[in-house]
Amino acid sequence: MVQARKKLKHDDYEIRMLRWSGKSRFRKEAKPGNLVIEVMREKRGKRTFTEVYRAAPIIHRQDSGKWTRFYLETPPDDDLYYLWNEFKSDLVRLGFKNISPKSNRELTERATQVLACLE
């Protein structure tokens with residue numbers, strides 16, 4: 001976390017950490033500078049809420065044998081998010097099909113720029 005904090009580009013930004021395990025392409029290839037769009041599922045009673053957080057850049061990665069930690073630079077007001085259905089409809093408009101909250105997709109630079117404008 002200390003190394004990631006040194007790499008913050010904005011003094012008032014915060015760090016969010018993702019821990020990734022397995023042999024996925026994302027874990028293998030993701031590097032500082034790449035943007036990550038995080039999908040969080042939360043159960044509240046009998047209902048499940050799926051939230052999609054704005055794209056955040058990876059500023060540091062920490063590799064271990066069975067997992068990798070990715071440190072993301074996020075604005076202090078990072079409680080802003082889409083609800084899954086809104087986000088999915090934006091992706092469909094961009095031409096993405098068969099998207100689920102468990103999807104792991106690489107987006108083109110143009111697609112990420114369009115999504116950033118939708119926020």
Side-chain angles (χ1 to χ4, degrees):
M1 182 75 92
V2 173
Q3 290 176 341
R5 199 164 297 289
K6 291 178 187 176
K7 297 176 183 179
L8 282 172
K9 293 181 181 166
H10 304 92
D11 292 336
D12 59 337
Y13 274 42
E14 299 169 358
I15 295 173
R16 188 169 65 239
M17 189 266 308
L18 298 175
R19 186 172 178 266
W20 205 277
S21 59
K23 296 182 180 184
S24 71
R25 181 176 171 208
F26 175 78
R27 181 177 172 212
K28 183 177 167 184
E29 297 180 10
K31 61 187 180 295
N34 291 152
L35 293 175
V36 174
I37 299 171
E38 187 178 3
V39 179
M40 298 290 291
R41 294 177 53 138
E42 180 181 340
K43 284 199 169 216
R44 297 179 197 155
K46 293 183 180 184
R47 297 187 62 188
T48 300
F49 293 87
T50 304
E51 303 166 344
V52 182
Y53 290 86
R54 72 171 100 193
I58 297 172
I59 58 171
H60 183 69
R61 72 177 277 154
Q62 177 187 9
D63 292 295
S64 181
K66 296 186 179 188
W67 51 262
T68 300
R69 281 194 179 120
F70 295 98
Y71 296 90
L72 310 178
E73 182 174 33
T74 61
D77 63 345
D78 198 39
D79 56 349
L80 300 175
Y81 58 86
Y82 276 115
L83 292 177
W84 172 253
N85 290 337
E86 295 169 355
F87 183 72
K88 183 177 178 180
S89 67
D90 289 341
L91 288 176
V92 168
R93 282 189 286 168
L94 291 172
F96 287 91
K97 296 180 178 147
N98 300 323
I99 298 284
S100 77
K102 295 180 181 181
S103 295
N104 183 348
R105 300 268 179 99
E106 181 176 358
L107 301 177
T108 64
E109 184 174 342
R110 178 163 165 62
T112 55
Q113 289 172 348
V114 170
L115 285 171
C117 291
L118 297 173
E119 294 181 347

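Position 1 is the first residue of the sequence, and the numbers go up from there.
Not counting sequence neighbours, the partners of Arg44 by the salt bridge (Lys or Arg N to Asp or Glu O under 4.0 Å) test are Glu42, Glu51. Considering only residues two or more places apart in sequence or on other chains, Glu73 meets the salt bridge (Lys or Arg N to Asp or Glu O under 4.0 Å) condition with none of them. When the salt bridge (Lys or Arg N to Asp or Glu O under 4.0 Å) test is applied to Arg25, the partners found at least two apart in sequence or on another chain are Glu29, Glu106.
The structure places NZ of Lys66 at 10.5 Å from NZ of Lys23, a figure rounded to the nearest 0.5 Å. Between atom CG of residue Asn34 and atom CZ of residue Arg61 there is a gap of 9.5 Å, rounded to the nearest 0.5 Å. To the nearest 0.5 angstrom, Gln62 atom CD is 11.0 Å from Phe70 atom CZ. Between the CD1 atom of Ile58 and the CG atom of Leu72 there is a distance of 6.5 Å, given to the nearest 0.5 Å. Rounding to the nearest 0.5 Å places CZ of Arg54 at 8.5 Å from OG1 of Thr74. Atom OG1 of Thr50 is separated from atom CG of Asn85 by 8.5 Å, given to the nearest 0.5 angstrom.
Val39 and Leu18 fall into different hydrophobic clusters, where Ile, Leu, Val, Met, Phe, Trp and Tyr residues are linked whenever their side-chain heavy atoms come under 4.5 Å apart, directly or through other members.
The closest side-chain heavy-atom distance from Leu35 to Pro57 is below 4.5 Å. At least one side-chain heavy atom of Arg16 sits under 4.5 Å from a side-chain heavy atom of Glu38. Here the side chains of Val36 and Phe26 are in contact, with some heavy-atom distance below 4.5 Å.
Side chain to side chain, Arg41 and Thr48 fail the donor-acceptor criterion of an N or O pair below 3.5 Å.
A tilted orientation is assigned to the rings of His60 and Tyr71, their planes being inclined by 30° to 60°.
No more than 12 heavy atoms of other residues, nucleotides or ligands lie within 6.0 Å of CE in Met40, so this atom counts as exposed by the packing criterion.
In terms of heavy atoms, Ile37 sits closest to Tyr53 at CG2-O, 3.5 Å.
Counting only distance, with no hydrogens or angles, the side chain of Arg27 and the backbone of Gly22 share a donor-acceptor pair below 3.5 Å.
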